[in-house]
Colleague: 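The structure is given below, and queries will be raised subsequently.
All values below were derived from every heavy atom in this structure, side-chain atoms included, with hydrogens, water molecules and symmetry-related copies excluded.
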Amino acid sequence: MNQFLKSVGILAPTPEEQVKKWRAAIRTQERELDKQIRGIDAEEAKVRKNIKAAAKRNDAQSCKVLAKEMVRSRKAKDRLHTSKAQLNSLQMQLQQQLAAAKIAGSLKQSTDIMKLVNNLIKLPEIHKTMQEMGMEMMKAGIISEMMDDAIDALDEDGIEEEADKEVENVLFELTDGLLGQAGSVGATLEKQKVAAPIANDEEDEMEQRLAALRAE
């Protein structure tokens, strides 16, 4: 009977039941982030292979476009790793809350948990789950407020410079250090006989797959 009353919202769950539910949801999100990170890793390896192929045929334009996609993907992956660390911290904070609740009889408000939840809500990949969890935590009295629904866009600062650096690294690797040590990518490649850039279906597909992974 108690379980039915809790399911329809008449009887509130115990602190232990509530924390168990939240921690299970957090573990699910951690697994999802791991899956996305692995997917980005696999696509990055393919893009790097395509950058090498474009460099060998002196296609500076394709090199730069693909390198930008790789840099954006790395930024997205770094953000996912940061969010995983924050989810882990949230798990530990909830465990501490539960230990205290066994003595006090109820969950207490926590500014640390509120900061973590508000940071995690900004991540598009887990926004919906964290928003729902935040509402439940407000109802339980653990946090006092949530930020608005603003979602962080991927930081585009430094994309051009990092893309140049990535192509230079590829050139350095391909030529045993003869090219890519200094100077701009365009100048390095254009010193050689550069053919007119040709659209490459495989490269276009790779860009789309990387963009899809970042958007999941």
Colleague: So do Ile37 and Lys84 actually touch side chain to side chain, heavy atoms under 4.5 Å?
Modeller: yes
Colleague: Salt bridge or not for Lys102 and Glu16, using N-O below 4.0 Å?
Modeller: no
Colleague: What distance separates Ile126 CD1 from Glu132 CD, expressed to the nearest 0.5 Å?
Modeller: 12.5 Å
Colleague: How long is the straight-line distance from CD of Gln61 back to CG of Leu66, given to the nearest 0.5 Å?
Modeller: 10.5 Å
Colleague: Could you report the tightest heavy-atom contact between Met138 and Ser144, atom names first, then the distance?
Modeller: CE-O, 3.7 Å
Colleague: Measuring from Glu17:CD to Leu98:CG, what's the distance to the nearest 0.5 Å?
Modeller: 11.0 Å
Colleague: To the closest 0.5 Å, what do you measure between CD (Glu125) and CZ (Arg79)?
Modeller: 5.5 Å
Colleague: Are the side chains of Leu116 and Gln93 in contact, using a 4.5 Å heavy-atom criterion?
Modeller: yes
Colleague: Do the side chains of Arg23 and Gln95 get nearer than 4.5 Å, heavy atoms only?
Modeller: yes
Colleague: Does a side-chain heavy-atom distance below 4.5 Å link Asn50 with Lys46?
Modeller: no
Colleague: Show, in sequence, the C-alpha distance, side-chain angles and deciding distance for Lys68 and Val71, and conclude whether the side chain to side chain contact (heavy atoms under 4.5 Å, CB included) test is met.
Modeller: CA-CA 5 Å; Lys68 283 183 180 180; Val71 171; 5.7 Å; no
Colleague: Find the distance between NZ (Lys56) and SG (Cys63) and round it off to the nearest 0.5 Å.
Modeller: 11.5 Å
Colleague: Is Asn118 reaching over with its side chain to a backbone N or O of Met114, donor-acceptor style, under 3.5 angstrom?
Modeller: yes
Colleague: Evaluate side chain to side chain contact (heavy atoms under 4.5 Å, CB included) for Val117 paired with Met133, printing each intermediate quantity in order.
Modeller: CA-CA 8 Å; Val117 170; Met133 189 181 299; 5.6 Å; no
Colleague: Quick one, Leu33 and Leu87 - any side-chain contact, counting heavy atoms below 4.5 Å?
Modeller: yes
Colleague: Indicate yes or no: at least one non-hydrogen side-chain atom of Arg38 is less than 4.5 angstrom from one of Asp34.
Modeller: yes
Colleague: Going by heavy atoms in the side chains, are Thr129 and Glu32 under 4.5 Å from each other?
Modeller: no
Colleague: Heavy-atom distance under 4.5 Å between the side chains of Lys115 and Leu90, does that happen here?
Modeller: no
Colleague: Can you check whether Lys122's main-chain N or O pairs, donor with acceptor, with His127's side chain at less than 3.5 Å?
Modeller: no
Colleague: Which pairs of donor and acceptor atoms, one on a side chain in residues 105-113, lie under 3.5 Å apart (sequence neighbours left out)?
Modeller:
unit_1	atom_1	unit_2	atom_2	d
Ser110	OG	Asp112	N	3.4
Ser110	OG	Ile113	N	3.2

Colleague: Would you kindly confirm whether Met92 and Met137 end up in one hydrophobic cluster when ILVMFWY residues are joined by side chain heavy atoms under 4.5 Å apart?
Modeller: no
Colleague: Answer yes when Glu69 and Arg72 have at least one side-chain N-carboxylate O distance shorter than 4.0 Å, and no when they do not.
Modeller: yes
Colleague: Is it true that a side-chain atom of Glu43 and a backbone atom of Ile40 form a donor plus acceptor pair closer than 3.5 Å?
Modeller: no
Colleague: Give the intermediate values and the outcome of side chain to side chain contact (heavy atoms under 4.5 Å, CB included) for residues Lys77 and Asp41.
Modeller: CA-CA 9 Å; Lys77 187 168 64 174; Asp41 283 338; 2.6 Å; yes
Colleague: To the nearest 0.5 angstrom, please state how far the CD atom of Gln91 sits from the CD atom of Gln86.
Modeller: 13.5 Å
Colleague: Do Glu44 and Ser73 pass the side-chain hydrogen bond (donor to acceptor under 3.5 Å, both in side chains) test, and can you show the C-alpha distance, the side-chain angles, and the key distance before you say yes or no?
Modeller: CA-CA 8 Å; Glu44 277 186 5; Ser73 294; 5.0 Å; no
